[in-house]
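To start, the structure under review is shown below, and the notes come after it.
In the text below, chain A, chain B and the rest are named by the order of the sequence lines, each starting its count at 1.
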Amino acid sequence: MPMKIAPEQTFNERVQTGLDDSYMRETVRSAQERLYTNKSKAENDLGHWEEWRTLSEQIRSHTLENLDYYLEQLSDNVVKNGGHIYFAQTPEEANQYVKKVAAEKEAKKIIKSKSMVTEETSMNEALEEIGIEVVESDLGEYILQVDDHDPPSHIVAPALHKNKEQIRDTFERLKGYDKSSKPEELTQFAREQLREEFLEADIGITGCNFAVAESGSVALVTNEGNARLATTIPKTQISVMGMERIVPTWEELDIMVSMLCRSAVGQKLTSYVTGLTGPRGEDDLDGPEEFHLVVLDNGRSNILGTAFQSALHCIRCAACINVCPVYRHVGGHSYGSIYPGPIGAVLTPLLEGYEDHKDLPYASSLCAACTDACPVKIPLHEHLIEHRKIIAEEEKKTSLGEAYAMKGFGLAASSPGLFQMATKTAPYMLSPLTKEGAIEKGPGMMSGWTEIRSFPAPEKERFRDWFKNRSKKGSSS
Amino acid sequence: MTKGTMYNREAFLNNIAAKLGRERKRSGVTRPIYETQPQWDVMADYSTDQLVDVLKKQCEVIHTDVEETTMEKLPIVIDSVLKKYGAEKAVVWDDPRFSAFGLDSFLVREDVDIWGEAPGRENIRISEQADLGITFADYTLAESGTVVLMNGVGKGQSVSLLPTYYIGLIPLSTIVPRMSQVTRSIHKEAEAGRRVPSCINFISGPSNSADIELDLVVGVHGPIRATYILFDDR
Ligand code: SF4
């Protein structure tokens with residue numbers, strides 16, 4: 001199951017690991033604060049943020065409603081430009097195709113820029129199995145790869161759980177690094193190491209922030225320049241996209257990129273926004289000679305036409321993760337999925353089924369800060385409630401596990417803990433975020449969830465204590 | 001041009017249509033009239049001078065130096081930036097604007113290589129070894145401090161990417177408020193059935209990363225420092 005992180009541990013064990021890791025917790029806390037502050041400033045600078053959100057939501061829902069049409073247009077244009085497009089229903093199909101291309105090119109080394117979808121398919125492992133060296137070039141991904149494939153804990157800043165001393169030690173131990181833990185020196189080291197790799201690589205693999213249907217283009221939004229290198233030097237480029245990552249025209253691309261950059265990192269635009277259309281022209285002297293686009297379903301189509309369809313509007317900005325009080329406390333790895341935080345809790349059970357992820361919809365205080373933060377207005381906390389209802393129904397049917405029965409609200413109710421996070425403790429835990437009034441809205445927005453009103457007033461209990469007590473009771477897998 | 005290929009499309013798209021609970025849509029889909037379009041209000045009535053002010057301010061945010069000069073002084077200013085960076089080798093686009101803006105003498109300098117003069121992939125190696133790359137901006141975005149490069153023949157992507165330092169030459173006539181104006185014109189091209197350039201780059205300052213404890217480090221895989229030189233060509 002490629003989306004999983006630390007599947008050998010239970011949800012409880014992963015959360016405990018997160019709670020015990022004080023380095024990680026401190027790093028995550030300050031990161032959340034900074035990312036949130038940067039985003040707020042970017043919203044204010046732009047002005048009319050709600051109008052931008054409305055427009056973005058309209059674009060995303062129109063595109064998803066007509067997804068077959070726009071993917072058809074995209075594929076026609078990719079082919080017209082001389083590129084190759086492969087529609088993959090499963091991770092295996094996607095990996096198989098990429099392996100086939102790599103074999104045809106007799107590739108020995110592949111350089112990759114950041115791509116969550118290839119994490120989903122475990123593409124690196126698939127390629128390594130046939131003897132190809134795969135090098136991650138995004139700084140965060142590179143750090144994780146050097147550190148014995150530590151899994152990512154955040155979808156924008158994958159190595160967020162590590163502090164600079166840990167990174168220095170890793171580089172020292174495994175790469176012969178002998179300088180300080182200054183981020184500048186660590187980064188310079190990675191630049192030097194990776195430049196060589198770029199020049200030697202036979203194939204560059206990238207993700208895709210948005211494909212543009214009208215021209216058959218792929219847009220990459222980055223700061224480091226590694227995605228540009230991966231699409232400039234190697235002779236073959238393979239981009240891999242989730243099937244929903246598409247916009248009708250360049251005009252919608254403008255809006256989505258404007259929102260993504262601001263919501264993810266508080267920038268007006270990242271250093272590089274690159275639109276790539278097919279392989280190089282006949283007289284061009286750089287850029288790939290061959291261009292392949294892999295479009296992956298992997299369970300996404302099952303979300304279409306359901307109450308959860310808007311989860312596919314996600315542009316992977318991580319704004320919801322950056323305001324989540326639960327993420328702040330337990331860190332990304334606790335979610336057991338490469339997609340952590342509120343969007344992870346919504347998406348992972350949809351893509352992989354409830355069986356292994358039925359804890360996730362409860363890893364939320366339903367404070368609705370995520371919903372407020374989302375640039376495309378996905379009602380994340382409502383989706384989580386919907387998940388809980390479904391899980392409760394299922395549990396009732398099979399009469400297994402009282403823990404998830406709707407009457408007790410499973411995890412949230414096994415102790416006042418999580419519920420409390422939605423009410424009393426949330427303002428305390430989110431104190432830097434309350435200024436904008438996001439959290440005060442929380443309880444009000446829960447009113448749709450009527451049963452919650454009959455809850456006893458929760459007692460004061462810190463999340464850590466609550467979690468300890470809850471674990472003792474052994475209320476969940 | 002190589003011939004494109006397509007795999008598994010019909011089954012894949014049929015499944016999507018089925019999940020959406022309807023027949024495949026193959027035509028007749030038009031974009032909605034969006035109820036709100038705030039992008040067109042951004043700096044809508046700004047003069048070029050006002051846009052230049054916005055651009056300069058944004059450049060402070062994105063760690064990019066700005067020089068303002070005239071067409072006549074352009075060679076001197078470029079030279080001073082080369083000296084500032086201690087650059088010994090520069091690589092530039094093969095772009096008629098160098099001549100048009102009186103930079104012929106610059107192009108024949110010993111320490112300047114022109115993209116495309118060497119055969120094939122040798123140009124990538126030359127750029128990789130150059131200390132500094134120079135290109136013109138095809139458009140310039142005031143809001144985000146962005147130079148837009150339409151790469152293609154003579155205009156290699158490597159020039160703005162592989163050298164340690166980068167200079168963007170910005171004729172004031174290229175300045176627009178934001179990305180919207182540029183994407184609209186690309187959209188018009190695509191709508192008219194013309195192929196858009198194979199690589200369009202929106203570049204806002206030097207490369208950077210905040211992957212280590214969210215501390216911003218300027219200079220990762222792309223250039224580590226950048227200067228924009230603004231000059232009036234109107
Ligand atoms: S759900 Fe919304 S806020 Fe969260 S990552 Fe996706 S787009 Fe961003």
Side-chain angles (χ1 to χ4, degrees), chain A residues 27 31 34 48 51-52 54-55 58 62 66-69 71-72 75 79 82-87 139-140 157 159 163-164 167 183-184 186-187 191 214-215 223-226 228-229 232 248-251 253-254 268-269 271-278 280-281 283 285-287 301 304-305, chain B residues 1-9 12-13 15-17 19-21 24-26 29 31-32 34 36-39 116 120 123-124 143-144 146 152-153 156-158 161 179-180 183-184 186-187 190 195-196 198-205 207-209 211-215 217 220-222:
Chain A
T27 313
R34 286 166 65 179
H48 308 286
E51 280 184 42
W52 284 84
T54 304
L55 174 57
Q58 209 187 347
H62 166 76
N66 298 286
L67 187 59
D68 52 337
Y69 174 80
L71 283 172
E72 177 165 344
S75 52
V79 170
H84 311 281
I85 183 162
Y86 184 92
F87 287 92
L139 181 58
N163 64 24
K164 52 185 189 287
I167 296 167
E184 290 76 15
L186 291 166
T187 303
R191 175 187 167 103
E214 70 170 341
S215 58
N223 269 315
E224 296 181 4
N226 58 320
R228 284 192 64 196
L229 282 168
T232 297
T249 81
W250 282 77
E251 294 198 327
L253 180 70
D254 167 37
K268 294 189 170 85
L269 285 183
S271 290
Y272 302 114
V273 175
T274 306
L276 298 157
T277 307
R280 70 166 68 164
D283 297 321
L285 301 171
D286 57 5
S301 59
L304 290 170
Chain B
M1 194 170 74
T2 50
K3 226 171 107 45
T5 47
M6 181 153 13
Y7 305 87
N8 309 342
R9 180 171 83 177
F12 194 97
L13 298 188
N15 176 48
I16 289 176
K19 292 283 162 60
L20 285 166
R24 275 277 291 282
K25 282 192 193 170
R26 292 173 178 275
V29 175
R31 296 185 293 155
Y34 299 112
T36 147
Q37 302 195 35
Q39 71 272 35
N123 288 284
I124 296 179
E143 181 189 57
S144 48
T146 305
V153 180
Q157 344 172 4
S158 301
L161 177 66
M179 192 173 170
S180 312
T183 47
R184 170 156 281 184
I186 300 169
H187 164 61
R195 187 179 161 170
V196 307
S198 56
C199 175
I200 301 174
N201 268 305
F202 295 76
I203 302 177
S204 310
S207 63
N208 63 79
S209 173
D211 269 354
I212 301 176
E213 293 192 10
L214 283 195
D215 264 347
V217 176
V220 193
H221 296 300

Using a cut-off of under 4.5 Å for heavy-atom pairs, which of [options] has the most such pairs with chain B?
options                            : result
L229(A), T54(A), D283(A)           : L229(A)
L71(A), L186(A), T274(A), I85(A)   : I85(A)
P183(A), A159(A), A31(A)           : P183(A)
V273(A), L269(A), D286(A), T187(A) : D286(A)

Output the option from [options] having the highest count of non-hydrogen pairs under 4.5 Å with chain A.
options                           : result
I212(B), N123(B), T146(B)         : I212(B)
E143(B), K19(B), R184(B)          : K19(B)
G152(B), G120(B), S158(B), A17(B) : S158(B)

If only side-chain N and O atoms count, and only distance matters, is there a donor-acceptor pair under 3.5 Å linking [Y] with [X]?
X       : Y       : value
R31(B)  : T249(A) : yes
T183(B) : E251(A) : no
S209(B) : E224(A) : yes
S198(B) : R280(A) : no

At a 4.5 Å cut-off on heavy atoms, which part of [X] comes close to chain A: side chain, backbone, both, or neither?
X       : answer
N15(B)  : side chain
S180(B) : both
V220(B) : both
L161(B) : both

>> Does this structure show an ion pair linking R24(B) with E72(A), if we count only N-O contacts that are shorter than 4.0 Å?
In response: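 Yes, R24(B) and E72(A) are salt-bridged.
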
> Any salt bridge between R34(A) and D215(B), counting N to O under 4.0 Å?
Replying inline: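 Looking at R34(A) and D215(B), the cut-off is met.
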
>> Could you go through L285(A) and I124(B), starting from their C-alpha distance and side-chain angles, then the distance that decides it, and tell me whether this counts as side-chain contact (heavy atoms from CB on, under 4.5 Å)?
In response: CA-CA 8 Å; L285(A) 301 171; I124(B) 296 179; over 6 Å; no

Nearest 0.5 Å, please: how far is [atom2] in [Y] from [atom1] in [X]?
X       : Y       : atom1 : atom2 : answer
L20(B)  : N66(A)  : CG    : CG    : 8.5 Å
S271(A) : N208(B) : OG    : CG    : 4.0 Å
Q39(B)  : E51(A)  : CD    : CD    : 10.0 Å
I186(B) : W250(A) : CD1   : CH2   : 4.5 Å
L276(A) : I200(B) : CG    : CD1   : 9.0 Å

> Do D68(A) and F12(B) pass the side-chain contact (heavy atoms from CB on, under 4.5 Å) test, and can you show the C-alpha distance, the side-chain angles, and the key distance before you say yes or no?
Replying inline: CA-CA 9 Å; D68(A) 52 337; F12(B) 194 97; over 6 Å; no

> Please walk me through it: do Q157(B) and R228(A) pass side-chain contact (heavy atoms from CB on, under 4.5 Å)?
Replying inline: CA-CA 9 Å; Q157(B) 344 172 4; R228(A) 284 192 64 196; 4.2 Å; yes

>> Run the salt bridge (Lys or Arg N to Asp or Glu O under 4.0 Å) test against E213(B) and tell me which residues pass, sequence neighbours left out.
In response: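 Once residues adjacent in sequence are excluded, the partners of E213(B) under the salt bridge (Lys or Arg N to Asp or Glu O under 4.0 Å) criterion are K164(A).
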
>> Within the 4.5 Å heavy-atom criterion, are M6(B) and H84(A) side-chain neighbours or not?
In response: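 They are not in contact (no side-chain heavy atoms under 4.5 Å apart), so the answer is no.
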
> Any side-chain heavy atom of T5(B) sitting closer than 4.5 Å to one from V79(A)?
Replying inline: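 Counting from C-beta outward, T5(B) and V79(A) never come under 4.5 Å.
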
> Y272(A) and G205(B): which non-hydrogen atoms are nearest, and at how many Å?
Replying inline: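 Closest pair (atom of Y272(A), atom of G205(B), distance): OH-O, 4.5 Å.
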
>> Please classify the contact of I167(A) with chain B as side chain, backbone, both or neither, using a heavy-atom distance under 4.5 Å.
In response: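 The side chain, not the backbone.
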
